[in-house]
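Not measured: the values here are computed from a predicted model.
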2 protein chains.
Amino acid sequence: MRVLIVEDEPRIAADIRQGLERAGYVADVVADGEAAWFRAETEPYDALVLDLGLPRLDGLGVLRRLRASEIALPVLILTARDGWRERVEGIDAGADDYLVKPFRMEELVARLRAILRRTAGHASPILRAGTVELDTRTRAVSVDGRPTELTALEYRLLSFLLHRPGQVVPAGEVLDHLHGVGTEREANALEALLTRLRRKLGPGVIETRRGLGYCVPAADGP
Amino acid sequence: MRVLIVEDEPRIAADIRQGLERAGYVADVVADGEAAWFRAETEPYDALVLDLGLPRLDGLGVLRRLRASEIALPVLILTARDGWRERVEGIDAGADDYLVKPFRMEELVARLRAILRRTAGHASPILRAGTVELDTRTRAVSVDGRPTELTALEYRLLSFLLHRPGQVVPAGEVLDHLHGVGTEREANALEALLTRLRRKLGPGVIETRRGLGYCVPAADGP
DNA sequence: CTCTGCCTGACGGGAGGCTGACAGGCGCCG
DNA sequence: CGGCGCCTGTCAGCCTCCCGTCAGGCAGAG
């Protein structure tokens, strides 16, 4: 599950991101409405956490544009305590739920899960690739039905790739996700990590496209 | 796809270049407006990443001169965080999109991809020719519905031609786009590459115009 | 027919990726 | 506070396979 967080306050954005990642989501953050609109339009997110009251293009604007483009992305809006007008407008504009700041992380996660369930039907919290299963709620991984323990980094890597089945992800992008943007590191670190992960998962789960990047095969039933 | 990066800060220029090359583009860097203008005018780039605030001839100047010469190159401008005036002027001067510094590499790549698609007149991120499909987001290629693995160079070549359906591209130009300007190479390298690519794609996808160049047939219904 | 431009199979060099070994760092436990 | 594991980045060496080169063949133009 990929979630886009739209929040201009860095501190809050970081909190939300951490909370969501802890809950097993993959989260990206943007800080203004224009960027949010663009990302939501061009990349396959599963939900949007949207702060109203953004610079440039405000949250409601984003929401209206999304709905006008018939992008049926589940949207959870965040509003100030006294912003009941906003809230009404937000719901009118097509938000799926709202949350009043300040809020508890658990509540955000719960509501997000709820609207994901509601709108996406039954998008399973379990990611699969071949014989490998990853439960995003419990963070349990099993191979061939056998429970398998992964380290923190291994889990993040696997989860990251499983969220993008069939997509070839350049190595640099993977590294950025694992360690945050801009952290310089030997490319070899990723290769070493991959070796260790593949040893646990068995062959055929993570493929290498020489010169392009890595990918897990799309799970096409025959 | 060849991109010209115009950025006077070496560090940032290197980052962008690396990011773009990682994403499969061929990128050249120039550091000032005069050089940018010259290169853009004399060589066939597919897009321009243009920092505003350059020495000699500034970014907006470059842009205006380009547009005045009716060079319809897609241009993505980079602006400082607080430079909203610049941004407006940039859009007015004919930029296709802008990005506020600092930015994430992924976003630059995504926006670049978007304006390339937009200006090439493609509505969808999926390029087609006959039975061949190429998804620019996932980098997945399928022929006849069957997923097909291409090498990095094969992918670039196919993507390059698919972006110009119906257009005959001279071999030299293709080579420039694949390897960057000035890399001397036997013409035969391209032919060998084409042979290998055609073997994967099947016949009728990439045609040869003897003495002129290569092209993929425009996808016109009968 | 001839010539030129393009195609194709074979092959070898070299870059990119893999892996086993090792060491530093961090948390955990006694 | 000290010792002990485990995790993870780094290094060096090996291996795979991509791609440029070469030689030879085919076909279209004149």
*Asks:* Measure from the side chain of B:Thr195, starting at C-beta and using heavy atoms only, and say which of C:dC6, C:dT8, C:dC18 lies closest.
*Replies:* C:dT8
*Asks:* In whole angstroms, how far is the P atom of C:dC18 from the CD atom of A:Glu207?
*Replies:* 12 Å
*Asks:* Look at A:Tyr214 and C:dC18 and indicate whether a side-chain polar atom (N or O) is within less than 4.0 Å of OP1 or OP2.
*Replies:*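 The answer is yes; a side-chain N or O of A:Tyr214 sits under 4.0 Å from OP1 or OP2.
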*Asks:* What is the nucleic acid contact for B:Leu194, judged by heavy atoms within less than 4.0 Å: base, sugar-phosphate only, or nothing?
*Replies:* nothing
*Asks:* Within this structure, what is the CG-to-P distance between B:Leu197 and D:dG20, rounded to whole angstrom?
*Replies:* 13 Å
*Asks:* Would you kindly give the CD-to-P distance between B:Glu149 and D:dC19, to the nearest whole Å?
*Replies:*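 Going from CD in B:Glu149 over to P in D:dC19 covers 13 Å.
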*Asks:* Going by an N to O cut-off under 4.0 Å, is there a salt bridge joining A:Glu154 and A:Arg196?
*Replies:* no
*Asks:* In whole angstrom, what separates A:Leu212's CG from D:dC19's P?
*Replies:* 9 Å
*Asks:* What is the separation between atom CG on B:Leu150 and atom P on D:dC17, rounded to the nearest whole Å?
*Replies:*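 One finds 17 Å between P of D:dC17 and CG of B:Leu150, rounded.
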*Asks:* Report yes if a side-chain nitrogen or oxygen of B:His179 is closer than 4.0 Å to either non-bridging phosphate oxygen (OP1 or OP2) of D:dC19; otherwise report no.
*Replies:*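 Result: no.
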*Asks:* Classify the nucleic acid contact of A:Arg209 as base, sugar-phosphate or nothing, counting any heavy atom under 4.0 Å across all strands shown.
*Replies:* nothing
*Asks:* Choosing from C:dC7, D:dG20, D:dT8, which nucleotide comes nearest the side chain of A:Leu153?
*Replies:*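 Looking only at side-chain atoms, A:Leu153 lies closest to D:dT8.
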*Asks:* Can you name the closest pair of heavy atoms from A:Met105 and A:Ile16 and give their distance?
*Replies:*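 Shortest heavy-atom contact: CE-O, 3.7 Å.
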*Asks:* Of the listed nucleotides (C:dG20, C:dT19, D:dA23), which one gets closest to any side-chain atom of B:Asn188?
*Replies:*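 Of the candidates, D:dA23 comes closest.
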*Asks:* Just wondering, are more than 12 heavy atoms of other shown residues or ligands nearer than 6.0 Å to CZ in B:Phe38?
*Replies:* no
*Asks:* Taking all non-hydrogen atoms of both residues, which atom of A:Leu78 and which atom of A:Asp51 are closest, and how far apart?
*Replies:* O-OD1, 3.4 Å
*Asks:* After noting the C-alpha distance and the side-chain angles of B:Leu4 and B:Tyr45, does the key distance pass the side chain to side chain contact (heavy atoms under 4.5 Å, CB included) rule?
*Replies:* CA-CA 7 Å; B:Leu4 180 62; B:Tyr45 287 100; 3.8 Å; yes
*Asks:* Rounded to whole Å, please give me the gap between CG in B:Leu190 and P in D:dT21.
*Replies:*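 The distance from CG of B:Leu190 to P of D:dT21 comes to 12 Å, rounded to the nearest Å.
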*Asks:* So, is A:Arg199 near the phosphate of C:dT19, with a side-chain N or O under 4.0 Å from OP1 or OP2?
*Replies:*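 For C:dT19, OP1/OP2 do not have a side-chain N/O of A:Arg199 under 4.0 Å.
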*Asks:* What is the distance, to the nearest angstrom, from the CZ atom on A:Arg156 to the C1' atom on D:dT8?
*Replies:*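 After rounding, the gap between these two atoms is 14 Å.
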*Asks:* Any donor-acceptor pair, under 3.5 Å, between the side chain of B:Arg196 and the base of C:dT8, if you only look at N and O atoms?
*Replies:* no
*Asks:* Quick check: on DNA chain D, is the nucleotide nearest A:Lys200 upstream (toward 5') of the one nearest A:Ala192, or the reverse? Name the residue that is more 5'.
*Replies:*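 Of the two residues, A:Lys200 wins.
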*Asks:* For the side chain of A:Thr151, counting heavy atoms from C-beta on, which of D:dC22, D:dT8, C:dG17 is nearest?
*Replies:*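 For the A:Thr151 side chain, the nearest candidate turns out to be D:dT8.
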*Asks:* CG of A:Leu157 versus P of D:dG9: gap in Å, rounded?
*Replies:*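 In whole Å, D:dG9 P lies 11 Å from A:Leu157 CG.
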*Asks:* Quiz question: going by heavy-atom distance under 3.5 Å, is there a donor-acceptor pair between the base of C:dA15 and the side chain of A:Arg210?
*Replies:*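 Answer yes: a donor N or O sits under 3.5 Å from an acceptor.
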